[in-house]
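Since the structure comes first, as C-alpha cells, the remarks are kept for the end.
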Amino acid sequence: TSFPASLALIARNNGVVSETVIGLWVAQLITLVFYALNRRGHYQLSASLFVGFNFVVTFLMPVMTQDPSWLWFTIMVLLLSAMLLPEWGTFLLFALGFIAHVVLGNVYPLSATFSNFTATVVYAVTTPLILVFMDHRVRLERERQAELRAANEGLQRSEAELEHRVMERTRDLKVASDVARQITTVLGMDRLLPELVEQTKEGFDLYFVSVYLFQPDTQQLVLATGTGEAGRQMKAEGRAFHLAATPSLVAKAAREREHLVINNIGQSTAYLRNPYLLETQSEAAFPMVVGDELIGVLGLQSRQVNRFQKEDVAILSTLTEQIAIAVKNAQLYADQVYAAAELRKADQIKTRFLASMSHELRTPLNAILNFNEMIVMGMAGPVTPEQKGMLDHSLSSAQHLLHVINDILDISKIQADRLTLWIEDDIDLYQEINKVISMTQNLFQEKPVQLVQDIDEDLPLITGDRRRIRQILLNLLTNAIKFTEQGTVTLSAKNQGDKILFAITDTGPGIPPEMHQMIFEPFMQTGEGIKQAEGTGLGLPITKSLVEAHGGRIWLESQPGEGSAFYVLLPGKDNA
C-alpha cells in the first residue's frame, strides 16, 4: 500500500520526490529484507530487526518532529515485541523507550500538548496492560498445549490398545487356523483330542482346556481329555456330568446348546468349584453340535477375570464348530475302522472255511469219480448201455462239481493272499497248448464250432507255473467255446521278443463295454452267462490273478454282436 501512496505524493508535489516519499521507499526496502529473512527461516532475526526498526521510528520520531501523535504508535512496538520477542525483550524496549523520551524530551522540548509526563503515563499504563494480556494469552496457549498433549497421549494409548487388540485377534485367528489345519490331518480320536486341547490352551493363553463327549445311552458328558496334570487326574477318576446336573456350566451348556460364560466366578452361583483348578477366575463352555446331534462340550478356564469378551466368544464359537466336526469325523472313522476290522475277520473266517470245506469235499469227490470210472470200464462186472449212460451223466456232474470246488479253493487262496506258484524253467508252450486243445476237443464236437490255430513256429521256452499257465489258456478257451453257438474260436500265440502274446477270439454274442471290467470281479457274470446257468463267475477272476501273478497282463476287446477277444501278455524267460 505504501508504493501507490508514494506515487500519489509525488503527483501531488508536481513530480518532486519529498523526504516522506523517500522514507516510504526505504520502509518498503527494509520490509522486503525482513520478508526475505523470514522466508529463509530466520524467524527470530527477522522479528528482532522488525521490532527494532519500529522502535527507532516510533520512539524517536515524536521527539524529532515535535509531533506527539507519533507517541501512540509506540503501543504497536510494545505489542509486536510481546508477540514476536521473549518477555525480557518487552521489558527492555519499555525501559529504553522510557529513557529515550525522558532524555530526548529535555533536549528537544515538546509543545504544550506533549510532555515527559504524558510519555510516562503512556508507558506506565500501556506496557502493563500489554504484558497482562500477553501473559493471559500465554497461559491460554499453555493450557491449549496441555490439552493437546493430553489428547495426543490419549490417542496414542488408544492406538496402542487397538494395536494390541488387533495383535490378539490376529493371534487368535492364527491359532484357530492352525487348529483347523490340524483337524484335517488327524483322524484318530486318541491323538486328535489331546492335540486340540493343548493347541487351544497355548494359543489362547488359557489356564485349562477340556473336552467332554456326550454318551446318549447314559445321558452323560464324560471327560475325554484335559490339559496338564489336572486333566490326567480328572480323566483317571472318570470325571463326568449327567446332562441334568446342577450346578455345572458344562451340563447347562449341553442342555441349552448355547455357549455360556462366567467372567467372575466369585460373583456367580452357577460355577462348580474344582479342587484341581483352584486358580480359575473365569470359565466358558461351548457346546459341540453337528446338525441336531450333540457331540460334547468344549470347556475353557482362565486365571483372568473378564477373560472371555465378545470378540473371544465369536472366535471360540467358530473354533468349537470345527472341533465338533473333527470329533464327529474321528468317530465315524473309528466306526469304519472297527467295521473294516470285523469284515476282515469275517472274510478270513470265510476264506478258511471255504478252503477247509473245499479240501474236505474234493477228497471224497475224487473217490466217487474214480469208482464211477471203474464201473463204466466194467471192472466191477458187466454194465448195460442204460447203466453206462446214467454213469456217464453222473461222471459229468461230478466233474463239474469238482471244477466248481477247485475254483472256490483257488479264489479263497487268492483272496487270502496264499496263492503259490510252482515255478519251472524251460516250459514248452507247444506242449501246453496241445494239452489244452486235447482237453477241449470233445466240447467242439458238441456244436458246429471250428477251432482255428494261429501259433508262431518260433515260440521260446518260458519260466512259470506249468499247471497255472495251462489253466489260464483252458479257462479262456472253454469260455469261448461255451458262449459260441456257431462259427469259429481262434487260439493265437505270438512271439513278441521278450513277451508272449496269447489271444482267444470267438464269434459269440460279444460283451457290452460296461461289463469289460466287471466280469473280472468274483461271482460276476454277463447276461449270456446267466442264461446258460453254467459256471460260478470265478473263472475270469482266477485267470486274471494267475496272469498277474506271472507278471503279465490280461484285457478284453469286444462289442455286442461282434464276438470277443481276450488277450494275455506273459513275460518271456529272461523277464519272468
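Keep in mind that the numbers below use all heavy atoms, side chains included, and drop hydrogens, waters and symmetry copies. A quick note: this is a predicted structure, and the numbers were derived from the prediction, not measured.
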Are [X] and [Y] close enough for a salt bridge, meaning some N to O gap below 4.0 Å?
| X | Y | value |
| --- | --- | --- |
| Arg466 | Glu432 | yes |
| Glu283 | Arg307 | no |
| Glu153 | Arg149 | no |

Parallel, tilted or perpendicular, judged at 30° and 60°: which one describes the rings of Phe286 and His259?
parallel
Any chance the side chains of [X] and [Y] put a donor and an acceptor closer than 3.5 Å?
| X | Y | result |
| --- | --- | --- |
| Ser558 | Ser564 | yes |
| Gln471 | Arg468 | yes |
| Glu229 | Gln233 | yes |
| Thr280 | Gln301 | yes |

Is any side-chain heavy atom of [Y] closer than 4.5 Å to one of [X]?
| X | Y | value |
| --- | --- | --- |
| Arg553 | Glu548 | no |
| Leu443 | Thr478 | yes |
| Glu293 | Lys328 | yes |
| His516 | Trp555 | no |
| Leu429 | Ile462 | yes |
| Ile481 | Thr440 | yes |
| Arg303 | Glu279 | yes |

Step-by-step salt bridge (charged side-chain N to carboxylate O under 4.0 Å, His left out) determination, Glu342 to Lys345:
CA-CA 5 Å; Glu342 291 298 312; Lys345 187 184 298 183; 3.7 Å; yes
Give me the atom names and distance for the closest heavy-atom approach of [X] to [Y].
| X | Y | answer |
| --- | --- | --- |
| Ser282 | Gln304 | OG-O, 2.6 Å |
| Tyr430 | Leu459 | OH-N, 3.0 Å |
| Ala251 | Phe241 | CB-CB, 4.4 Å |

Pairs meeting criterion side-chain hydrogen bond (donor to acceptor under 3.5 Å, both in side chains) with involvement of residues 241-256, two or more places apart
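Output for this query is empty, none listed.
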Quick check: Phe502 with Tyr567 (ring centres under 6.0 Å apart)?
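Tyr567 vs Phe502: aromatic centres not under 6.0 Å.
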